[in-house]
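Notes follow once the structure below has been shown.
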Amino acid sequence: MNIIPKPVSVVRRDGEFVLSASTSIRVAPAEPEILANGQYLAEQLQQATGFALPVVAAGNAPHPGAIELTMGGDDPELGAEGYTLTVTPERVTLAAPRPAGLFHGVQTMRQLLPPAIEASTAQPGPWPIPACAIRDYPRFAWRGVMLDVARHFFGVDVIKRFIDLLAYYKLNRFHLHLTDDQGWRIEIKSWPQLTIHGGSTQVGGGPGGYYTQEDYAAIVAYAAQRYITIVPEIDMPGHTNAALASYAELSCDGRARDLYTGTEVGFSTLCAEKEITYRFVDDVVRELAALTPGEYIHLGGDEAAATSAADYQRFLAQAQAIVQQHGKRAVGWQEMGRIPLLPATVIQHWLVDPAQSEATLHAVEQGASIIMSPASKTYLDMKYDATTEWGLQWAGFVEVRDAYEWDPAAVLAGLGEEAIAGIEGALWTETITRRDAIDFMTFPRLPGLAETGWSPRAGRSWDEYRARLAQHGPRLAAFGVNYYRSPQVPWA
Ligand code: ACM
């Protein structure tokens with residue numbers, strides 16, 4: 001029983017259920033979202049087992065030899081994402097009040113099977129699921145990861161595979177850092193030069209790239225099928241050189257900037273004094289909001305060293321209002337906590353310098369909920385140790401233990417559980433040029449992050465966790481993930 005994130009409660013029973021060529025997946029009631037979860041489960045199990053695993057509508061009578069998915073009830077403790085999973089030698093019963101709970105329960109079922117279940121070709125089996133009773137629901141509603149596709153660009157296939165891995169560990173937010181000094185990665189039809197020119201390069205001078213609106217919609221839909229909300233970020237008013245290179249009128253001096261392929265920060269700013277700046281923000285947010293069913297648009301707001309304090313406040317007051325006018329809630333990095341926030345705005349804590357904590361605490365005083373992304377724990381671009389090929393080290397080395405052994409509600413005095421929306425890891429890509437580097441920096445820190453966001457605080461310990469994580473090595477290998485073989489983990 002090496003489930004990550006660790007469930008709220010697991011009781012082991014005698015015996016096991018064994019998948020066979022006659023196993024069916026029975027869903028009740030036969031509603032589209034429940035059928036979709038049954039179909040998804042079948043797809044996860046078919047390749048390695050070679051079994052047909054037909055998905056059939058079921059009555060309420062239990063059916064021996066079947067995996068049953070049922071939805072209903074309104075158990076407030078299980079909430080929108082919780083589930084129960086009961087395995088006996090006769091049958092498997094997955095029940096949840098809501099579809100997202102079924103989806104998370106499917107991930108647990110996958111992890112109860114042997115690692116070879118994740119192979120993409122038929123394997124010999126057998127396919128036992130240990131008999132047990134699991135009751136499970138998340139600690140935090142926001143469990144996410146950010147990927148910077150601006151410093152280096154990654155195509156839709158890389159993104160979809162990454163989403164599959166997030167889903168496996170029950171994450172439910174995928175934050176795409178779509179714009180920065182080095183590149184603008186989302187097509188905005190009313191400002192086409194943003195991608196044509198601003199998307200044409202990246203750190204180191206490569207060709208860059210961007211998502212068409214159709215690409216982005218495909219990512220949103222793929223994530224939604226996995227109960228993951230896309231949180232798109234347009235970083236403003238700093239980190240905007242790619243936009244300033246594309247449209248001269250966005251700079252106060254009216255001069256177009258050169259494209260930028262280095263890795264400095266804090267040198268660019270939109271012009272807070274110009275009316276056209278707010279037309280730009282309105283157009284971008286309007287087009288992005290129309291493509292984004294999720295509640296959130298991330299406005300960035302970090303490291304705006306080229307923006308005066310007055311301009312920063314003026315700009316982000318208007319940008320928050322624009323997000324609200326388009327029916328969304330703004331998210332901002334920690335620095336934004338210093339200015340007056342709209343009631344719905346969410347703040348993302350990241351800075352390790354304690355002198356900067358007042359920005360987060362000021363947001364808490366204003367009633368904002370906080371996403372915890374302390375860089376020394378959650379930044380996936382920090383090197384594991386001095387030998388790590390990729391990454392940076394300004395927040396220190398972050399070994400697998402560091403990424404696991406912290407508590408979101410114990411980071412800042414004055415920031416308790418009730419103010420915390422959840423947690424998020426962040427993979428900035430100044431040094432990350434390839435998919436195998438994304439894998440290496442993300443795994444195996446991401447399972448620890450996922451557990452920190454999902455599992456109850458009581459009962460978590462590094463020694464117990466690392467033994468479970470060790471058993472995920474073969475699973476990650478079966479997915480083809482180039483994970484870091486940390487010496488802290490007794491790999492299976
Ligand atoms: C950040 O790491 N600049 C939010």
Side-chain angles (χ1 to χ4, degrees), residues 1-4 7 10-73 82-136 164 167-168 170 225-227 471-472 474-475 477-480 492:
M1 311 289 272
N2 296 299
I3 305 156
I4 299 176
V10 180
V11 180
R12 181 79 166 89
R13 300 258 165 83
D14 290 337
E16 60 194 24
F17 178 92
V18 183
L19 291 183
S20 75
S22 61
T23 304
S24 58
I25 297 172
R26 308 177 76 83
V27 305
E31 289 169 6
E33 275 204 277
I34 313 177
L35 284 162
N37 273 294
Q39 200 54 48
Y40 170 88
L41 172 61
E43 283 162 18
Q44 303 314 309
L45 307 183
Q46 277 159 346
Q47 280 182 322
T49 63
F51 301 150
L53 300 165
V55 179
V56 295
N60 284 331
H63 192 277
I67 298 174
E68 296 169 350
L69 268 53
T70 72
M71 198 171 80
Y83 65 94
T84 59
L85 179 63
T86 311
V87 181
T88 70
E90 290 74 41
R91 70 182 65 88
V92 176
T93 308
L94 171 59
R98 305 286 311 131
L102 291 178
F103 184 81
H104 295 318
V106 165
Q107 309 313 319
T108 298
M109 214 186 297
R110 293 169 72 186
Q111 293 191 12
L112 288 172
L113 283 154
I117 197 68
E118 306 305 344
S120 52
T121 54
Q123 304 292 310
W127 305 108
I129 305 179
C132 61
I134 294 175
R135 180 178 170 79
D136 199 15
D164 282 334
Y168 191 65
K170 301 188 176 78
Q225 284 160 0
R226 286 150 185 79
Y227 299 91
Q471 300 301 321
H472 280 243
R475 290 178 191 278
F479 288 127

Grab the two heavy atoms, one from [X] and one from [Y], that are nearest each other, plus how far apart they are.
{"X": "Pro115", "Y": "Ala478", "result": "O-CB, 4.0 Å"}
{"X": "Ala131", "Y": "Thr88", "result": "CB-CA, 4.3 Å"}
{"X": "Ala57", "Y": "Ala30", "result": "CB-CB, 3.6 Å"}
{"X": "Arg475", "Y": "Pro114", "result": "NH2-C, 3.9 Å"}
{"X": "Ile34", "Y": "Pro29", "result": "CD1-O, 3.1 Å"}

Non-hydrogen side-chain atoms of [X] and [Y] separated by less than 4.5 Å:
{"X": "Leu45", "Y": "Leu113", "value": "yes"}
{"X": "Val55", "Y": "Leu35", "value": "yes"}
{"X": "Leu69", "Y": "Leu41", "value": "yes"}
{"X": "Leu85", "Y": "Val87", "value": "yes"}

Note to self: Considering only residues two or more places apart or on different chains, which pairs with a residue in residues 120-129 satisfy salt bridge (charged side-chain N to carboxylate O under 4.0 Å, His left out)?
What the structure shows: none
Item checked: Selection residues 37-55 - residue pairs positive for salt bridge (charged side-chain N to carboxylate O under 4.0 Å, His left out), sequence neighbours left out -> none
Quick one: side-chain contact (heavy atoms from CB on, under 4.5 Å) partners of [X], sequence neighbours excluded?
{"X": "Gln123", "value": "Ala48, Ala116, Ala119, Thr121, Trp127"}
{"X": "Ala66", "value": "Ser24, Arg26, His63, Glu68"}
{"X": "Pro99", "value": "Glu33, Asn37, Met71, Tyr227"}
{"X": "Ala492", "value": "Gln471, Pro474"}

Note to self: Can you list everything that forms a side-chain hydrogen bond (donor to acceptor under 3.5 Å, both in side chains) with Asn2? Sequence neighbours excluded, please.
What the structure shows: none
Let me check something: any side-chain donor-acceptor pairs from residues 100-110 under 3.5 Å, sequence neighbours excluded? List them with distances.
unit_1, atom_1, unit_2, atom_2, d
His104, NE2, Glu81, OE2, 3.0
Gln107, OE1, Arg110, NH1, 2.8
Gln107, NE2, Tyr40, OH, 3.2
Gln107, NE2, Phe103, O, 3.4
Thr108, OG1, Tyr83, OH, 2.5
Thr108, OG1, His104, O, 3.4
Thr108, OG1, Lys170, NZ, 2.7
Arg110, NE, Glu118, OE2, 3.4
Arg110, NH1, Tyr40, OH, 3.2
Arg110, NH2, Gln44, OE1, 3.3
Arg110, NH2, Glu118, OE1, 3.0

Next item on the list: Have a look at Val92 and tell me which of Ile25, Thr86, Ile67 forms a side-chain contact (heavy atoms from CB on, under 4.5 Å) with it.
Entry: Ile67
Check: Roughly how far, to the nearest 0.5 Å, is the CD1 atom of Ile3 from the CE atom of Met1?
Finding: 5.0 Å
Item checked: Nearest-0.5 Å distance that lies between atom CZ in Arg12 and atom SG in Cys132 -> 7.5 Å
Enumerate, atom names and distances included, each donor-acceptor pair closer than 3.5 Å involving a side-chain atom of residues 16-23, sequence neighbours excluded.
unit_1, atom_1, unit_2, atom_2, d
Ser20, OG, Ser22, N, 3.1
Ser20, OG, Ser22, OG, 3.0
Thr23, OG1, Ser20, N, 2.8
Thr23, OG1, Ser20, O, 3.2

Next item on the list: Verify side-chain contact (heavy atoms from CB on, under 4.5 Å) between Ile117 and Thr49, making sure each step is shown before the conclusion.
Entry: CA-CA 7 Å; Ile117 197 68; Thr49 63; 3.6 Å; yes
